[in-house]
Amino acid sequence: SAVMKKVIHLLTTNKYSGAENVAIQIVNYINTKYTDVECYYVSPKGDIENILVSYNCKYSLIDKFSYFQLRKLNTRLEPDIIHAHDFIASVMATICFPGKKIISHLHNNAPWIQKKGIFSFIYYCASARITKILTVSEAIENEYVYAKKLKDKFECIGNPIDTMSILDKAKEYSIQQQFDLIFLGRLTKAKNPDLLRRVFLKAIEKKSSIKIAIVGDGEYYQEFENWIEQNRLGTNIKMYGFQENPYPILNNSKVLVLPSKWEGFGLVSIEALTLGKPVVCSNAGGLKKIVTKNCGYVIENENVDQYVSEILELVNDENYYERKHNAALDRAKDLNNIDQYIEQVYREYEIEG
């Protein structure tokens with residue numbers, strides 16, 4: 001039989017978000033399904049460890065993300081393949097793991113991708129050592145300024161969607177409160193917190209009984225809390241902070257609102273659709289491919305009134321909501337791809353680099 005290959009999934013953060021969720025799924029599914037590949041999750045030590053333990057995910061954490069620590073890890077684990085998630089991890093992998101096969105996995109199309117500059121150029125230079133560049137949406141390849149020179153390396157594989165596990169997690173605990181709207185994600189610049197606040201404020205002005213959940217932490221968390229207090233919106237908006245399992249809260253909400261400035265894939269939109277929740281979102285990244293008129297609404301520009309009118313129609317008109325709710329469930333079934341996805345990643349490990 002084939003020699004056991006060791007793959008390390010390299011991430012720069014010690015927090016849990018979209019890319020980390022994908023890496024954990026790949027590590028767990030591949031380790032369960034295939035006997036000739038062994039995957040490890042590698043990142044700096046921190047909060048992520050509790051999550052890795054709860055998912056029963058094989059890992060090896062480092063003290064900090066540095067050249068010295070990664071060289072030590074190379075000696076200790078002797079990996080065959082480095083599956084590096086996002087920009088910094090990919091560039092560092094090419095420096096710290098000489099002679100190893102490197103797969104770069106880009107989870108979002110950050111603004112640096114779109115123009116000639118230090119980051120896009122460094123990534124281009126590093127890509128000489130990269131065998132394959134996996135992307136979560138075609139937008140990333142389309143927008144990357146040096147993509148033409150690297151087109152043989154790009155492959156868009158989307159994101160793993162395991163609708164069964166989302167449905168299971170939604171039943172793990174129950175909450176009493178029902179919400180009309182929910183924002184789920186890290187409160188960062190990419191998620192357009194300013195527009196989110198304007199949309200929520202206007203929706204509350206038009207319908208004073210509206211209830212809103214905000215789930216996630218991030219650098220704008222404190223600003224949001226202050227804003228809620230200053231505008232006395234505490235009866236309308238509840239902030240949950242980071243939740244290891246946010247699905248029961250999502251399940252008790254009617255509509256997901258996601259006005260992102262940029263997104264890689266937009267996995268949270270599929271998680272919402274899986275639970276039958278219509279999605280009102282921007283057209284960033286993969287969102288415009290996932291959300292259709294039937295199961296939600298994609299808003300082309302930062303038009304607060306368009307967001308609010310769609311939100312109020314969903315919240316006020318039961319028949320309209322029911323149609324979009326049913327279409328959301330159907331759309332999620334179409335998008336469920338976990339088995340094909342894992343097989344595709346496994347095939348990348350097969351190719352001799």
Side-chain angles (χ1 to χ4, degrees), residues 18 106-115 135-145 147 156 158-159 161 180-207 210 212 214 216 218 220 224 250 253-274 276-317 320-321 323-328 330-332 334-335:
L106 300 180
H107 294 266
N108 66 52
N109 49 344
W112 64 262
I113 276 181
Q114 299 167 23
K115 50 187 182 289
T135 64
V136 295
S137 69
E138 268 138 17
I140 297 175
E141 184 180 348
N142 295 342
E143 289 172 17
Y144 179 45
V145 57
C156 177
N159 259 355
I161 322 284
D180 298 295
L181 311 177
I182 183 169
F183 167 82
L184 172 55
R186 280 177 62 72
L187 290 163
T188 60
K189 193 175 171 182
K191 301 293 181 198
N192 213 345
D194 178 53
L195 181 59
L196 190 63
R197 285 197 295 268
R198 298 206 317 267
V199 168
F200 284 164
L201 189 59
K202 189 146 199 180
I204 293 166
E205 280 166 9
K206 299 243 179 186
K207 186 181 174 78
I210 208 160
I212 300 170
I214 296 176
Y220 287 89
F224 253 85
L250 180 57
S253 308
K254 287 183 81 172
V255 181
L256 176 75
V257 183
L258 199 63
S260 311
K261 273 190 192 304
W262 68 87
E263 274 288 347
F265 185 71
L267 189 57
V268 65
S269 63
I270 296 183
E271 295 168 336
L273 297 174
T274 299
K277 313 299 170 187
V279 178
V280 182
C281 61
S282 72
N283 65 346
L287 292 173
K288 53 185 172 286
K289 287 255 173 77
I290 294 166
V291 179
T292 66
K293 266 260 169 61
N294 298 336
C295 64
Y297 204 80
V298 177
I299 288 156
E300 295 292 326
N301 47 22
E302 304 197 351
N303 188 323
V304 173
D305 294 330
Q306 275 188 344
Y307 276 96
V308 174
S309 85
E310 177 65 15
I311 283 166
L312 291 178
E313 190 156 4
L314 285 165
V315 170
N316 292 331
D317 181 340
Y320 186 72
Y321 183 83
R323 278 206 309 278
K324 292 214 170 184
H325 161 79
N326 291 328
D330 289 341
R331 183 79 184 115
D334 292 342
L335 294 163

Original post:
How about Asn108 and Val136: do any of their side-chain heavy atoms sit closer than 4.5 Å?
Top reply: no
Original post:
Is there a side-chain contact between Val279 and Val268 (heavy atoms, below 4.5 Å)?
Top reply: no
Original post:
Heavy-atom distance under 4.5 Å between the side chains of Leu181 and Val280, does that happen here?
Top reply: no
**OP:** May I ask you to test the Asn301-Gln306 pair for a side-chain heavy-atom distance under 4.5 Å?
**Re:** yes
**OP:** Enumerate the residue pairs fulfilling side-chain hydrogen bond (donor to acceptor under 3.5 Å, both in side chains) with a member in residues 279-291, sequence neighbours excluded, ordered by first and then second residue.
**Re:** Glu138-Lys289, Asn283-Glu300
Subject >> Nearest heavy-atom neighbours spanning Tyr144 and Ile113 >> reply: CA-CG2, 3.2 Å
**OP:** Begin with the C-alpha distance, continue with both residues' side-chain angles, and end with the deciding distance and a verdict on side chain to side chain contact (heavy atoms under 4.5 Å, CB included) for Phe224 and Leu196.
**Re:** CA-CA 10 Å; Phe224 253 85; Leu196 190 63; 3.7 Å; yes
Original post:
Asn192 side chain to Pro259 main-chain N or O, any donor-acceptor pair under 3.5 Å?
Top reply: yes
**OP:** Work out which heavy atom in Gly285 is nearest to a heavy atom in Ser137; give both atom names and the distance.
**Re:** C-OG, 4.4 Å
Subject >> Approximate separation, where rounding is to 0.5 Å, of Ile299 CD1 and Leu287 CG >> reply: 11.5 Å
Subject >> Straight-line distance of Arg198 CZ to Tyr307 OH, nearest 0.5 Å >> reply: 10.5 Å
**OP:** Please examine the side chains of Lys189 and Tyr220, heavy atoms only from C-beta on, and report whether any two atoms are closer than 4.5 Å.
**Re:** yes
**OP:** Please identify each residue that fulfils salt bridge (charged side-chain N to carboxylate O under 4.0 Å, His left out) with Glu313, with sequence neighbours left out.
**Re:** none
Original post:
Would you say Arg331's side chain and Val291's backbone share a donor-acceptor pair under 3.5 angstrom?
Top reply: no
**OP:** Could you tell me the separation between the SG atom of Cys281 and the CD atom of Glu263, rounded to the nearest 0.5 Å?
**Re:** 9.0 Å
Original post:
Does some side-chain heavy atom of Lys191 sit less than 4.5 Å from a side-chain heavy atom of Phe183?
Top reply: yes
**OP:** Measure the spacing between CD1 of Ile270 and CG of Leu256 and express it to the nearest 0.5 Å.
**Re:** 12.0 Å
Original post:
Under 3.5 Å, is there a donor-acceptor pair between the side chain of Tyr321 and the main chain of Lys254?
Top reply: yes
Subject >> Step-by-step side chain to side chain contact (heavy atoms under 4.5 Å, CB included) determination, Ile311 to Lys207 >> reply: CA-CA 11 Å; Ile311 283 166; Lys207 186 181 174 78; over 6 Å; no
Original post:
Listed by chain and number, what are the side-chain hydrogen bond (donor to acceptor under 3.5 Å, both in side chains) partners of Lys277, not counting sequence neighbours?
Top reply: none
Original post:
Which atom pair, heavy atoms only, marks the closest approach of Leu312 to Ala203?
Top reply: CD2-O, 4.4 Å
**OP:** Using a 4.5 Å cut-off on heavy atoms from C-beta on, say whether the side chain of Lys324 contacts that of Tyr297.
**Re:** yes
Subject >> Distance-minimising heavy-atom pair for Ser260 and Ala284 >> reply: O-CB, 3.7 Å
Subject >> Minimum-distance pair of heavy atoms, taken over all atoms of Val308 and Val199 >> reply: CG2-O, 3.7 Å
Original post:
Listed by chain and number, what are the side-chain hydrogen bond (donor to acceptor under 3.5 Å, both in side chains) partners of Asn142, not counting sequence neighbours?
Top reply: none
**OP:** Can you sort out the partners of Gln114 under side-chain hydrogen bond (donor to acceptor under 3.5 Å, both in side chains), two or more places apart, ordered by chain and number?
**Re:** Glu143
**OP:** Look up atom CD1 in Ile210 and atom CD in Glu205, then write down how far apart they are to the nearest 0.5 Å.
**Re:** 11.5 Å
Original post:
What are the two closest non-hydrogen atoms of Gly216 and Leu187, and how far apart are they?
Top reply: O-CD1, 4.1 Å
Original post:
How many angstroms lie between CG in Asn109 and CZ in Phe265, if you round to the nearest 0.5 Å?
Top reply: 12.5 Å
Subject >> Asp330 and Leu273, any side-chain heavy atoms less than 4.5 Å apart >> reply: no
**OP:** Kindly write out the residues that satisfy side-chain hydrogen bond (donor to acceptor under 3.5 Å, both in side chains) with Asp334, not counting sequence neighbours, or none if the list is empty.
**Re:** none
